[in-house]
Every structure is written in structure tokens, then in C-alpha cells.
Amino acid sequence: EIVAIKRGISMLKKYVYLLFLFIKNSLMLDLSYRTDFVVSLLTDSCSCLVRVLFVGFIFQHVTMVGNWSFDHFMVYFGCAFIMEGIYMFFFFNGHTRISLKILTGEMDYFLSKPLSEIFYLSCHSSNIGSGISNLILGSIYLVHGMKNMQLTVSLNQLVLFVSLFLCGLILYFSISFIINCLSFWILQTGVLFNLFLNMTDLLRYPGDIFPKGIQFFITFIIPFQFISIVPAKYLLGEVGTEYIGWSFFGAVIALVVVRVMYHYARKAYSSGRG
């Protein structure tokens, strides 16, 4: 058991080091075109800000949307933007380039490396501009909302919140990977993935404000509510224990589906399909 633990720690150190190298290389590439990097950073920041200003404009005319105040929405937006920032920073570029790698035969390079192919495909390129802008603004919104609502979090609550947040991140990662993994069979998956990206705006709004049918769809069909709203509602003390259980269960199932799907996708790959 001690040997297995040491191997596990050594493996973890290896992947953390590789992740650091991937981020470093991506940053060096971005900074070689500094104007584009700054413009991208500002554009993404403005996009995040506009969404919040739109909600703020609504609350100038109403005091509540459903059962939620503007400060509630600050907590929702904060969790959603932080989640999206992490996804964009670590996984977005890797996932969106899977189809191109299959088309050009570059996938051979990734399959020949002695490390987890899912990790390598997902994390080899970072979207630093979008990631940072979402993370910074999300943190500001979350702190602002919690401060105005005078929310305090104990250590146990913080641990459970982080756990729920990680479950949501796993779901976000898994849905994105599964959609782009379809490229092993159908190369033109861009439309489907763009539809998914457009639907991610639902990450920021509690399902309670939608009709029952839409609530069910964004909770149990495409689990957007479990990605960021359940962690946010936990901070607000508005989530039932059943949703906490479903979050952990959904994250485990998602990882299993990713592993099984990639296993068959790899078998379907043939070099130089383009």
C-alpha cells in the first residue's frame, strides 16, 4: 500500500508539472502577440460585464425575479463565471481542436505519448485570456453578493462547497469532451458544440425562474443546474440534500461515460482521415 501511495504521489507530481509546462507554453505563445492577447482579455471582460449590467437593468424596475434578488444573482453569476473561467483556462482550447487533430492526422502525435490521452488532449493548450477575465470578474461578483447578503461560511461548509464545485466542473468538462469526442466518428461537430456553448448562458440562472419543462431539461437532461447553480444555492442555504447527492452521483457517472466513450473513440480512429 505504501508503494502504491508513493507511485500515486509521483504520478500526481508528474501531471501537475506537465500542466504547468502547458500553461507556460500557452502564455509564451499569447504574449508573442501581445496586442491580440490584451484585446481578447478586454473583450471577454466586457462580455461578462454586459451580462451583469443587463440583469442590473432588470432589477432597476423590479425588486425580485422569482424568489431571487440582485444579490442572489451576483452569487449565481460569480459561481458561473468562475466555473467558466476554469473551463476556458484549462480545457476549452484542447477540446475544440480535437476534430482538427483527427482531420490532419496530428492525433497520432497525442496517441504516442506515455501519459493519459484524455488529459493531454484536454489540457495541452490554455485559453489564458478568457480564463483570467472570467475568474477575476466571477470572484468579484461572488464576494460582492456574499458581502451584501452577509453570508458566512464555516470550514465544513467551505469543504462541501468546493466539493460540489468540483462535481460541477467535472460535469462541464465531461459534456464538452463528449461532444467533441464525437469527432472520431463525425468530423463536423462544430454546430453541435456551438449550440452547447450558446446554451451555457443557462449556467448563470436558477432553474426556478423557468417553466417546469425547461427546469427538468436543464437539470436532468443537460445538467446545467448541477454545474454552477447547485454550488451557488448551497452557499445561499437554498439546496436540498437530494441535489447534493445527485451532484456527486452525476460527476461519477460523467467520468465513467468519458472513459468508456474515449475507449471506443480511440478504436474508431484511423490515421490521416482527412
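Bear in mind that the values here come from a model prediction, so they are computed numbers and not experimental data. All residue numbers in this chain count up from 1 along the given sequence. Just the heavy atoms: all of them, side chains too, but no hydrogens, waters or symmetry mates, feed the values below.
- Annotation: Lys14, atom NZ; neighbour count of heavy atoms from other residues, nucleotides and ligands within 6.0 Å is above 12.
- A single hydrophobic cluster is not seen to contain both Leu18 and Phe20; linkage of ILVMFWY side chains at heavy-atom distances under 4.5 Å, directly or through other members, places them apart.
- A salt bridge does not link Glu106 to Arg97: none of the charged side-chain nitrogens sits closer than 4.0 Å to a carboxylate oxygen.
- The closest donor-acceptor contact from the side chain of His95 to the backbone of Phe92 lies at 3.5 Å or more, if one exists at all.
- Applying the ring-ring contact (aromatic ring centres under 6.0 Å, His included) test between His124 and each of Phe119, Tyr109, Phe90, Phe110 identifies Phe110 as the sole match.
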Pairs of donor and acceptor atoms involving the side chains of residues 246-263, under 3.5 Å and at least two apart or interchain, shall be tabulated with distances.
| residue | atom | partner | partner atom | Å |
| --- | --- | --- | --- | --- |
| Ser247 | OG | Tyr243 | O | 2.9 |
| Tyr262 | OH | Glu117 | OE1 | 2.6 |
| His263 | NE2 | Lys267 | NZ | 3.3 |

Let's go through Asp108 and Lys113 carefully: what are the C-alpha distance in whole Å and the side-chain angles of both, what is the deciding distance for salt bridge (charged side-chain N to carboxylate O under 4.0 Å, His left out) to 0.1 Å, and is it a yes or a no? CA-CA 9 Å; Asp108 295 351; Lys113 299 302 177 184; over 6 Å; no

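- Residues Val159 and Leu166 do not share a hydrophobic cluster, defined by chaining ILVMFWY side chains whose heavy atoms lie under 4.5 Å apart.
- Of the possible polar contacts, one joining the Gln215 side chain to the Phe210 backbone as a donor-acceptor pair under 3.5 Å is found.
- Contacts of Tyr141 classified as ring pair (Phe, Tyr, Trp, His ring centres under 6.0 Å), with partners at least two apart in sequence or in another chain: Phe81.
- Taking the six-membered ring where the residue is Trp, the centroids of Phe161 and Tyr234 are separated by 6.0 Å or more.
- In this structure Phe91 satisfies the ring pair (Phe, Tyr, Trp, His ring centres under 6.0 Å) test together with Phe173, sequence neighbours excluded.
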Please assess Ser176 against Tyr87 for the test side-chain contact (heavy atoms from CB on, under 4.5 Å), listing each intermediate value before the final yes or no. CA-CA 9 Å; Ser176 173; Tyr87 165 76; 2.7 Å; yes

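- Ring centers of Tyr76 and Tyr205: at least 6.0 Å apart, outside the cut-off.
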